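Basis for what follows: all heavy atoms, side chains included, without hydrogens, waters or symmetry-related copies. Note that the coordinates shown come from a computational prediction; the quantities given were computed from them, not determined experimentally. Just follow the structure's listing: the first ligand is 1, and inside any ligand the first atom is 1.
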Amino acid sequence: FFFIFVMESEADVFYRELPKVELHAHLNGSVSYQTIEKLFSRKPHLNIEHSMTAIGKGQRRTLDECFQVFKVIQQLVNTEEDILMVATDVIKEFAADGVKYLELRSTPREEKDTGLTKKSYVETCLKAIQQCKEEGVDIDVRFLVAIDRRNGTEVAMETVKLAEEFMLSSDGLVVGLDLSGDPTVGHGKDLLPALQRAKNCGLKLSLHLSEVPSQLEESNLLLNLPPDRIGHGTFLHPEVGGSEGLVDKVVKNNIPLELCLTSNVKGQTVPCYSKHHFNYWYQKGHPSVICTDDKGVFSTDLSQEYQLAASTFGLDREAVWKLSREAIDCIFAPDTVKQQLKQKWTDLQPQVFK
Ligand SMILES: CC(C)=CCNc1ncnc2c1ncn2[C@@H]1O[C@H](COP(=O)(O)O)[C@@H](O)[C@H]1O
Ligand SMILES: [Zn+2]
């Protein structure tokens with residue numbers, strides 16, 4: 001009972017005031033209840049309800065059902081106006097939760113009915129970031145262009161070219177590429193040329209890897225790139241059917257993991273919080289960054305995820321502070337930004353530990 005209470009209520013003050021880095025957030029999965037309300041009133045004819053766009057109190061869904069949720073949200077977000085509102089709201093919500101640096105990722109979509117193109121999709125996301133900056137919202141936001149793996153080789157290559165253009169023209173806002181989408185669809189080997197090209201042109205790579213069991217071959221192939229960060233990596237280690245070989249590659253290349261506790265529990269790739277692979281990697285001293293994945297869909301925020309990690313694995317405040325501070329080393333923005341963030345953490349420390 002207590003557990004449910006902790007999950008669904010606001011995190012304690014310490015966790016909310018803790019300065020945080022969010023590295024794994026899908027734009028359309030991060031849309032809050034309040035923003036969904038606004039989208040409903042813009043599109044009443046769609047007859048969509050909240051139960052179709054978020055997974056609430058103690059609920060779980062199959063992976064398949066989770067991916068249906070994204071389709072519903074994407075129906076609600078299909079114009080430049082929608083994207084601008086959604087991205088602006090999401091950025092301000094992360095800022096209000098104490099996130100000082102955010103890497104937002106999203107899959108560029110084309111919508112024939114509304115004239116949305118993949119290019120204007122990305123431009124609108126960047127416009128939201130720019131506007132928040134001009135308004136003085138206290139958060140540094142960068143963008144990762146996402147490849148949806150179910151769309152295959154050609155779309156992946158087009159997406160890389162788009163990301164490359166924006167990397168060169170966005171004044172440092174576009175820093176990398178994400179590979180995501182239903183992990184049971186398609187094979188990583190078909191996407192290797194696109195990912196290799198992205199890497200060669202200087203885009204950083206964050207790849208969803210081993211999110212479901214029995215993807216040893218694909219994971220091995222993708223790890224050879226190697227990626228700059230790993231999303232989830234749930235089934236990499238031998239205890240859950242992975243292998244020492246895969247773990248070795250991750251460790252030798254020192255590839256940080258983006259770990260999303262509630263996402264994995266609600267999506268049922270992990271049986272419960274205490275069996276989350278955060279423990280395995282954290283015990284190893286391997287760079288592990290707590291993230292939300294889809295704060296809207298999974299009804300959570302980054303403060304709650306830090307609190308859950310702390311209460312589940314017995315981390316004291318000093319350990320939690322260290323965890324959030326060390327996430328700075330894993331960001332894709334340049335070293336100057338890392339230095340600024342470390343200074344910010346130092347300045348905020350007395351207030352957080354008051
Ligand atoms: C099903 C489940 C437990 C989800 C969490 N794990 C995920 N695994 C892979 N891709 C994801 C996940 N969450 C979000 N995405 C990707 O992010 C998209 C939504 O954000 P966007 O439209 O790219 O802005 C989804 O369509 C999907 O391609
Ligand atoms: Zn994800």
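- Under the 4.0 Å criterion applied to side-chain N and carboxylate O atoms, Glu258 and Arg105 are assigned as salt-bridge partners.
- The Thr107 neighbourhood of ligand 1 comprises atoms 21 (P), 23 (O), with distances under 4.0 Å to a heavy atom of that residue.
- Annotation for ligand 1: atoms under 4.0 Å from non-hydrogen atoms of Asn28 are 20 (O), 21 (P), 22 (O), 24 (O).
- Residue Arg150 approaches ligand 1 through these ligand atoms, each under 4.0 Å from one of its heavy atoms: 26 (O), 28 (O).
- Listed by number with element, the atoms of ligand 1 under 4.0 Å from a non-hydrogen atom of Leu63 are 1 (C), 2 (C), 3 (C).
- Near Cys66, with a cut-off below 4.0 Å to any heavy atom, the atoms of ligand 1 are 1 (C), 2 (C), 3 (C).
- Distance from atom 5 (C) of ligand 1 to its nearest protein heavy atom, with residue and atom name: Asp293 OD2, 3.0 Å.
- Near the Zn ion (ligand 2), less than 2.8 Å away, sit the protein N, O or S atoms His24 NE2, His26 NE2, His208 NE2, Asp293 OD1.
- The ligand atoms of ligand 1 that sit less than 4.0 angstrom from a heavy atom of Gly267 are 3 (C).
- Residues Glu244 and His237 have side chains that never bring a donor and an acceptor to within less than 3.5 angstrom of each other.
- For a threshold of 3.5 Å applied to N or O pairs, the pair formed by Arg109 and ligand 1 contains no separation below that value.
- Not counting sequence neighbours, the partners of His24 by the ring pair (Phe, Tyr, Trp, His ring centres under 6.0 Å) test are His26, His208, His232.
- For the pair Arg142 and Phe332, the cation-pi test (distance below 6.0 Å, angle within 45°) is failed.
- Taking a cutoff of 4.0 Å between a charged side-chain nitrogen and a carboxylate oxygen, Glu110 and Lys112 qualify as a salt bridge.
- A salt bridge does not link Lys133 to Asp140: none of the charged nitrogens lies less than 4.0 Å from a carboxylate oxygen.
- Taking 4.0 Å as the cut-off between side-chain N and carboxylate O, Asp347 and Lys344 do not count as a salt-bridged pair.
- Close N/O approach between Ala146 and ligand 1 is not found [any backbone or side-chain N/O within under 3.5 Å].
- Atoms of ligand 1 found under 4.0 Å from any heavy atom of His232, numbered from 1 in the order shown, are 6 (N).
- At the top of the distance list for atom 13 (N) of ligand 1, counting protein heavy atoms only, stands Asp294 OD2, 2.8 Å.
- For the pair Arg317 and Phe14, the cation sits on the ring face: its NZ or CZ lies under 6.0 Å from the ring centre, inside 45° of the axis.
- Between Gln307 and Asp12, the side chains place a donor N or O and an acceptor N or O closer than 3.5 Å (distance only, hydrogens not considered).
- For atom 10 (N) of ligand 1, the closest non-hydrogen atom of the protein is Gly181 N, 3.0 Å.
- A salt bridge is defined here as a Lys NZ or Arg NE, NH1 or NH2 lying under 4.0 Å from an Asp or Glu carboxylate O, and Asp82 with Lys43 meets this definition.
- Among protein heavy atoms, atom 18 (C) of ligand 1 sits closest to Gln74 NE2, 4.1 Å.
- Under a 4.0 Å N-O distance rule, the pair Glu218/Lys189 does not qualify as a salt bridge.
- Remark: minimum distance from atom 4 (C) of ligand 1 to any protein heavy atom is reached at Phe298 CZ, 3.9 Å.
- The His26 neighbourhood of ligand 1 comprises atoms 11 (C), 12 (C), 13 (N), 14 (C), 15 (N), 16 (C), 17 (O), 20 (O), with distances under 4.0 Å to a heavy atom of that residue.
- Residue Glu211 has at least one nitrogen or oxygen atom sitting less than 3.5 Å from a nitrogen or oxygen atom of ligand 1, judged on distance alone.
- Follow the hydrophobic side-chain contacts under 4.5 Å out from Val240 and you never reach Tyr280; the two are in separate clusters.
- Here the heavy atom of the protein found nearest to atom 24 (O) of ligand 1 is Ser106 OG, 2.6 Å.
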Report, one line per pair, each donor and acceptor closer than 3.5 Å where one atom sits in a side chain of residues 92-100; sequence neighbours left out.
unit_1: Lys92; atom_1: NZ; unit_2: Glu135; atom_2: OE1; d: 2.9
unit_1: Glu93; atom_1: OE1; unit_2: Lys295; atom_2: NZ; d: 2.6
unit_1: Glu93; atom_1: OE2; unit_2: Ser32; atom_2: OG; d: 2.7
unit_1: Asp97; atom_1: OD1; unit_2: Ser303; atom_2: OG; d: 2.3
unit_1: Asp97; atom_1: OD2; unit_2: Leu302; atom_2: N; d: 3.1
unit_1: Asp97; atom_1: OD2; unit_2: Ser303; atom_2: N; d: 3.1
unit_1: Asp97; atom_1: OD2; unit_2: Ser303; atom_2: OG; d: 3.3
unit_1: Lys100; atom_1: NZ; unit_2: Asp138; atom_2: OD2; d: 3.0

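- With sequence neighbours excluded, no residue forms a salt bridge (charged side-chain N to carboxylate O under 4.0 Å, His left out) with Lys284.
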